[in-house]
Enquirer: 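I'd like to ask some things about the structure below.
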Amino acid sequence: MVTAGVYLIARSGVLFSMAPVACLTVVVVGAVTAIFAASIGLKQWDIKKVLAYSTVSQLGYMFIGVGAGAYAAGMFHLVTHAFFKALLFLGAGSVIYAMHEAYHRTGNHDDAQDMRNMGGLRAYMPYTTVVMWIATLAIAGIHRSPGSSRKMES
């Protein structure tokens with residue numbers, strides 16, 4: 001649902017291209033949104049809030065793209081971001097569930113979503129660690145180029 005606005009502007013690209021002031025407004029609102037949401041996300045400790053503010057910040061970048069007329073790039077960012085952020089939310093859910101279980105067993109009443117309490121989970125959740133790293137690297141745009149595993153011929 002949060003990406004419906006980006007999709008609507010991309011689909012209405014013909015109308016927006018006839019109104020340069022509207023395009024500029026979309027770009028400016030997107031830039032402010034990206035900076036403001038990222039700033040708020042930096043001060044959050046709840047793992048789901050960090051991911052949510054990161055998504056809002058990325059929506060700002062998507063609005064910048066579609067507002068500038070790069071409709072294909074904006075939609076590509078929308079789709080790839082949705083898949084990789086979904087993987088991050090699933091990993092976060094796994095971590096929260098494990099924290100709830102650990103707190104229940106020990107009688108601890110701390111917040112299971114507070115990232116300040118999540119140190120050292122790699123030893124207890126190796127598969128989740130790998131999945132979260134894959135999603136993090138993918139959402140950051142880091143990938144292996146197709147020919148990187150082949151030896152260079154001289």
Enquirer: Looking at A37 and S57, what are the two nearest heavy atoms and their distance?
Expert: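 Smallest interatomic distance, heavy atoms only, reads CB-N, 3.6 Å.
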
Enquirer: For residues M115 and V50, report the shortest heavy-atom separation together with the two atoms involved.
Expert: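 Closest approach of M115 to V50, heavy atoms only: CE-CG2, 3.4 Å.
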
Enquirer: Closest approach of C23 and G67, non-hydrogen atoms and distance?
Expert: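 The answer is CB-O, 3.3 Å.
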
Enquirer: I'd like to know if the side chain of N117 reaches the main chain of D111, judged simply by a donor and an acceptor atom lying under 3.5 Å from each other, with no hydrogens or angles considered.
Expert: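 Present.
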
Enquirer: Mind listing the side-chain donor-acceptor pairs of residues 79-99 below 3.5 Å, one per line with the distance, residues two or more places apart or on another chain?
Expert:
from	atom 1	to	atom 2	distance (Å)
T80	OG1	F76	O	3.0
T80	OG1	H77	O	3.3
K85	NZ	L51	O	3.2
K85	NZ	S54	OG	2.8
K85	NZ	T55	OG1	3.2
S94	OG	T128	OG1	3.2

Enquirer: For the OH atom of Y53 and the NZ atom of K43, what is their distance to the nearest 0.5 Å?
Expert: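 Nearest 0.5 Å value for the OH-NZ distance: 13.5 Å.
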
Enquirer: Rounded to the nearest 0.5 Å, what separation is found between the OG1 atom of T129 and the OH atom of Y124?
Expert: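 The OH atom of Y124 is 12.0 Å from OG1 of T129, to the nearest 0.5 Å.
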
Enquirer: Hey, could you give me the CG/CZ distance between D110 and R116, rounded to the nearest 0.5 Å?
Expert: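 Nearest 0.5 Å value for the CG-CZ distance: 10.0 Å.
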
Enquirer: Of all residues at least two apart in sequence or in a different chain, which pass the side-chain contact (heavy atoms from CB on, under 4.5 Å) check with A10?
Expert: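 With sequence neighbours excluded, A10 shows a side-chain contact (heavy atoms from CB on, under 4.5 Å) to V66, Y71, M75, given in chain and number order.
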
Enquirer: Which heavy-atom pair separates P126 from A123 by the least distance, and what is that distance?
Expert: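 P126 and A123 have their closest heavy atoms at CD-O, 4.2 Å.
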
Enquirer: Report the distance from atom CZ of R11 to atom CD1 of I9, rounding to the nearest 0.5 Å.
Expert: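 The CZ atom of R11 sits 14.0 Å away from the CD1 atom of I9.
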
Enquirer: When rounded to the nearest 0.5 angstrom, what is the spacing between CE in M125 and CE in M118?
Expert: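 M125 CE to M118 CE: 9.5 Å, rounded to 0.5 Å.
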
Enquirer: Decide yes or no on side-chain contact (heavy atoms from CB on, under 4.5 Å) for F63 and T33, but give the supporting numbers first.
Expert: CA-CA 9 Å; F63 275 109; T33 300; over 6 Å; no

Enquirer: Begin from the C-alpha positions of I64 and Y61 and carry the test side-chain contact (heavy atoms from CB on, under 4.5 Å) through to its verdict.
Expert: CA-CA 5 Å; I64 291 171; Y61 288 118; 4.2 Å; yes

Enquirer: Tell me whether the count of non-hydrogen atoms from other residues, nucleotides or ligands lying under 6.0 Å of NE2 in H100 goes above 12.
Expert: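 It does: H100 NE2 has more than 12 such atoms within range.
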
